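Taking it in order: structure first as structure tokens, then the write-up.
This structure is a prediction, so every number in the text was calculated from the model and none was measured.
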Amino acid sequence: MNSIIELVTKDIKKKNLLMYSLLMAIATMGAVYTLIGGEVARTMIYGFQLMIATVAYVLLTKVWKKYSAFTYVSILIFLGSVFYGILMFGGSVHYLAIVYFITVYVAIPFKKGNFFYWGILWDSSLYGLTPFLLPV
């Protein structure tokens with residue numbers, strides 16, 4: 001029985017590393033894109049996302065050994081940065097693309113609960129953000 005638990009833990013660790021790498025790649029590309037475009041405030045959002053994701057990854061996977069929790073926390077980090085960007089700068093295709101990426105991102109651990117969690121968060125918050133997503 002212990003060998004099964006070890007295999008599952010090893011699998012979760014690999015998926016967490018993949019998710020962390022994707023989160024870092026997307027946030028870095030977003031920061032570079034907005035920095036080149038001269039949008040320093042949006043670049044700071046991506047920098048904050050990089051910092052929070054790194055702290056969360058280290059704390060959850062290295063210090064506290066809560067491997068399954070990183071999936072949920074990383075979704076909240078993504079979602080929080082998207083919502084903050086929408087509220088501060090208005091909706092754009094840029095944020096819509098990130099939302100579609102998050103939908104694919106949640107599929108990495110292959111858990112039904114992640115889709116349910118993501119769907120509840122996005123659907124419940126979408127109603128409050130609809131006025132900000134529509135162009136004026």
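- Rounding to the nearest 0.5 angstrom, the gap separating the OG atom in Ser74 from the CG atom in Leu79 is 11.0 Å.
- With hydrogens and angles left out, the side-chain atoms of Thr28 and Tyr46 include no donor and acceptor closer than 3.5 Å.
- Counted by atom type alone, Thr61 and Tyr20 present zero donor-acceptor pairs between their side chains at under 3.5 Å.
- Minimum interatomic distance between Thr71 and Met19 (heavy atoms only, all atoms of both residues): CG2-CE, 3.8 Å.
- Taking 4.5 Å as the limit, some side-chain heavy atom of Met88 sits within range of a side-chain heavy atom of Tyr84.
- Hydrophobic clustering (side-chain heavy atoms under 4.5 Å, transitive across Ile, Leu, Val, Met, Phe, Trp, Tyr) groups Met51 together with Val63.
- Considering every non-hydrogen atom in both Lys65 and Lys62, the closest pair reads NZ-O, 3.2 Å.
- When all heavy atoms of Ala53 and Ile77 are compared, the pair lying nearest together is CA-CD1, 3.8 Å.
- One hydrophobic cluster, built from ILVMFWY side chains closer than 4.5 Å, holds both Ile52 and Met29.
- The side-chain heavy atoms of Leu23 and Gln49, taken from C-beta on, include a pair separated by under 4.5 Å.
- Scanning both residues, Gly85 and Ile45, for their nearest heavy atoms gives CA-CD1, 4.0 Å.
- There is no path of hydrophobic side-chain contacts, each under 4.5 Å, that joins Val32 to Phe101.
- The one candidate from Ile12, Asp11, Leu60 that meets the side-chain contact (heavy atoms from CB on, under 4.5 Å) condition with Tyr67 is Ile12.
- Neither Val40 nor Leu87 shares a network with the other; the hydrophobic side chains, linked directly or stepwise wherever heavy atoms of I, L, V, M, F, W or Y lie under 4.5 Å apart, form separate groups for each.
- Within the model, atoms OH of Tyr57 and CE of Met24 stand 10.5 Å from one another, a figure rounded to the nearest 0.5 Å.
- To the nearest 0.5 Å, the span separating CG on Leu59 from OG1 on Thr54 amounts to 10.5 Å.
- One hydrophobic cluster holds both Ile108 and Leu17 under the rule that ILVMFWY side chains link at heavy-atom gaps under 4.5 Å.
- Other residues, nucleotides and ligands place no more than 12 heavy atoms under 6.0 Å from the CE atom of Met44.
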